[in-house]
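Below is one structure; the comments refer to it alone.
Convention: sequence-line order gives letters A, B, ...; per-chain numbering from 1. Since the structure is predicted, the reported quantities are computational estimates derived from the model, not experimental observations.
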There are 2 protein chains.
Amino acid sequence: MTQMKKITINDVALAAGVSVSTVSLVLSGKGRISSATGQRVNEAVEQLGFVRNRQAAALRGGQSGVIGLIVRDLTTPFYAELTAGLTEALEAQGRMLFLTQGGRDGERMRRGFEALMKQGVDGIVIAGAASEGAALRDEANRLGVPLVFASRASYLDDADNIRPDNHQAAQRLTEHLIKRGHQRIAWLGGRSSSLTRAERLGGYCATLLQYGLPFHSEWIVECEPSQNQAAQAINALLRHNPTISAVLCHNATVAMGAWFGLLRAGRQSGEDSFESYFDSTVALAAFAEVEEERLDDIPGAFVLTPAREMGRSVAERIMQRIQYAEEPIKSQIIAPRLVTRK
Amino acid sequence: MTQMKKITINDVALAAGVSVSTVSLVLSGKGRISSATGQRVNEAVEQLGFVRNRQAAALRGGQSGVIGLIVRDLTTPFYAELTAGLTEALEAQGRMLFLTQGGRDGERMRRGFEALMKQGVDGIVIAGAASEGAALRDEANRLGVPLVFASRASYLDDADNIRPDNHQAAQRLTEHLIKRGHQRIAWLGGRSSSLTRAERLGGYCATLLQYGLPFHSEWIVECEPSQNQAAQAINALLRHNPTISAVLCHNATVAMGAWFGLLRAGRQSGEDSFESYFDSTVALAAFAEVEEERLDDIPGAFVLTPAREMGRSVAERIMQRIQYAEEPIKSQIIAPRLVTRK
DNA sequence: TTGAAAGCGGTACCAA
DNA sequence: TTGGTACCGCTTTCAA
């Protein structure tokens, strides 16, 4: 309430008894200024509570220091984590993030893009692009704005693209099971329309073949991300294919559902020992979206995509692109991390 | 690649054969302009692919149309959902969001605050404030910037504050159990240092007393948000207090863990029927962070704080504050929603 | 109905 | 080492 009027460098200049250009120089630490005036200016700044207006600065010369993000859906743990990593890295560089949501089907991607352009961002990140992506890429480079894509599966080839290595993730998980003695490994979860799933399935199949293990299409079952459906699905699967000894789950929800299903089936089977039933029958392994320390009751291995790290990589990439306009297109594939318990 | 140079209203004015002021008027739809020139200008805009620079606009005249968010931790589902609701509502009003993270202990709140100020935001939202909050509130109103807090429990009194009604949430959940015939209801989860938990416990106790039901401090057990620990904790609890017939879980993770624990205990108990064991022994109910359609295997009721709605309310509140500077301080309590399954 | 011109808060070049 | 000053892109009186 003390002072409602905005303080500008003029006020500072006046108070310090110097010119605005001097103040500007002190602020940006550019020209060689005598420590005496430097002092005076800084004192004035302090005393008046001056806050520099970056918009004005950006208007005149350089960059706004702001990069825009169009994220598919913040509510998805993966994207939330990615966004967190991205802001972290940007803030560490004194930059900021403009947030917009694209929507699950990209309905609002275009609007977001335009809003960001109006705000004069230095670059744009699109996390989880929809079909709209290609058009925006063209638009962006028509306008000369650096654009980087981050996604969960392969995307456009002729654009910077950072994504997880789904193939390798599946491979590692499958290999892990094989090395633990499993020969008959099934797949549970995901929708067949998912590209991420397709890439993972590729890694799974490849690994099975590589080890000369059987592969049956009936062992690959789709399933909505619901615990209940996963529980039912795994039991149906095992009932029809009792020889299956391990199941790869497409995500944590499915894994939990499967685990619930197994617990109940185990009970119903009338086995004597709880432990022996599961250890001797079905092992679980799953793809995790983020660090799942909380889900520590589910036995088995997880492979996770370090989404936060991915976010940091995205930050670096976009900053490079801003720095060197002529940087060639470059994609980056983030390696998964295998986490085994117990 | 076609045109790297930025198009300004000057270019448009030139192309349309009018003055910049005319273009500006057309753009903002203010002055009365003949539809003829209106046409010409719009064509030029279209043709040149002009994008208006909001920074410049904000510099001269009014607001930047941007509000800043300092969020404790985007990775928490609750805050992610809140943020999503907030951006949604803001975007619907043609405004945008600057995102910064404050950190779990508010380490980076101050930095974020200053960065936002430099960017010239119209207002600031702090979601999940730490101790730093009070200082920032003072700072904000020294600088004359509207500030709104959003949190999971009560916070500062002399500031706008939007939060869930934890008391009522616990009350409804407890009442739900009582009406289903439960008389001996325990509490599982949360840390005793949590204010949210304290408020919920208040509602729980109040309701028990109100119905003349027994209340034992041994029935209230702390527990880390880990499935495993929850599973162990519930079993220990029930072993020592076999008469307990229902358990309130502090969050979904604890609820799942408890459910895992019950499933295993049920098996080990050697009951004949899976269903009967649980139905006749322990019912679960839980506080959920967000819509948990995915967690549909856990039986029992949930009460959830509509975080997304909360985000929208926050958006409205901050916009009001921006609009009417002299608006009095006002807090808002968001009612919970009870969800029962089956 | 339209145009000219004065800023908004800074930056940066050119002189002093 | 400093000061003067012409912009940056747009809004907004004030005249024409």
Side-chain angles (χ1 to χ4, degrees), chain A residues 3-42 44-45 48-66 117-122 143-144, chain B residues 3-42 44-45 48-66 94 117-122 143-145:
Chain A
Q3 45 102 166
M4 303 300 323
K5 186 179 133 290
K6 250 172 278 177
I7 303 265
T8 76
I9 57 169
N10 288 290
D11 303 314
V12 176
L14 205 60
V18 296
S19 75
V20 289
S21 24
T22 305
V23 176
S24 178
L25 289 180
V26 173
L27 258 39
S28 55
K30 290 197 172 172
R32 308 144 294 278
I33 308 119
S34 72
S35 58
T37 27
Q39 274 298 19
R40 292 227 309 293
V41 170
N42 282 320
V45 164
L48 277 66
F50 166 74
V51 281
R52 195 211 212 122
N53 182 337
R54 286 201 68 160
Q55 310 210 86
L59 183 56
R60 176 57 218 259
Q63 304 170 356
S64 64
V66 178
M117 287 311 302
K118 284 203 226 292
Q119 294 289 350
V121 296
D122 296 335
L143 276 75
Chain B
Q3 45 103 167
M4 303 299 323
K5 184 179 135 290
K6 251 174 278 181
I7 304 265
T8 77
I9 57 169
N10 287 291
D11 304 314
V12 176
L14 205 61
V18 295
S19 76
V20 290
S21 25
T22 305
V23 176
S24 178
L25 290 181
V26 173
L27 256 38
S28 55
K30 288 196 173 173
R32 307 144 295 278
I33 8 107
S34 71
S35 57
T37 25
Q39 274 298 17
R40 292 227 309 290
V41 170
N42 283 320
V45 165
L48 277 66
F50 167 73
V51 280
R52 193 204 209 133
N53 182 336
R54 286 201 68 159
Q55 311 211 86
L59 182 56
R60 175 58 219 259
Q63 305 168 354
S64 64
V66 177
M117 288 310 302
K118 283 204 229 286
Q119 294 289 349
V121 295
D122 296 336
L143 278 80
V145 181

For each nucleotide in nucleotides 6-16 of chain D, reading 5' to 3', give B when a protein heavy atom comes within less than 4.0 Å of its base, S when such contact involves only the sugar-phosphate, and - otherwise. BBBBBBB----
Do B:Met117 and B:Val145 touch side chain to side chain, with heavy atoms closer than 4.5 Å?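 They are in contact (side-chain heavy atoms under 4.5 Å apart), so the answer is yes.
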For residues 20-27 of chain B, dump all side-chain donor-acceptor pairs below 3.5 Å to protein atoms at least two apart in sequence or in another chain.
unit_1, atom_1, unit_2, atom_2, d
B:Ser21, OG, B:Ser19, OG, 2.9
B:Thr22, OG1, B:Ser19, OG, 3.1

Over the length of the helix from C:dT1-D:dA16 to C:dA16-D:dT1, how much do the five-pair end axes diverge, rounded to 10 degrees? 40°
How close do [X] and [Y] get, heavy atom to heavy atom, and via which atoms?
| X | Y | result |
| --- | --- | --- |
| B:Phe50 | B:Thr8 | CE1-C, 3.6 Å |
| B:Arg52 | B:Ser28 | NH2-CB, 3.8 Å |
| A:Gln55 | B:Ser64 | NE2-CB, 4.0 Å |

Strictly distance-based, threshold 3.5 Å: is any side-chain N or O of A:Arg40 a donor or acceptor partner for the main-chain N or O of A:Ala16? yes
For residues 31-38 of chain B, run the donor-acceptor check on the side chains, cut-off 3.5 Å, and write out each pair with its distance to 0.1 Å, sequence neighbours left out.
unit_1, atom_1, unit_2, atom_2, d
B:Ser34, OG, B:Thr37, N, 3.3
B:Ser34, OG, B:Thr37, OG1, 2.6
B:Thr37, OG1, B:Ser34, O, 3.0

For B:Val66 and A:Gln119, what are the C-alpha separation, side-chain angles and deciding distance, and is it a side-chain contact (heavy atoms from CB on, under 4.5 Å)? CA-CA 9 Å; B:Val66 177; A:Gln119 294 289 350; 3.7 Å; yes
The first and last nucleotides of DNA chain C lying within contact of chain A, meaning any atom under 4.0 Å from one of its heavy atoms, run from C:dG9 to C:dA12
Could you note down all residue pairs passing salt bridge (charged side-chain N to carboxylate O under 4.0 Å, His left out) where residues 8-18 of chain A supplies at least one of them, sequence neighbours left out? A:Lys5-A:Asp11
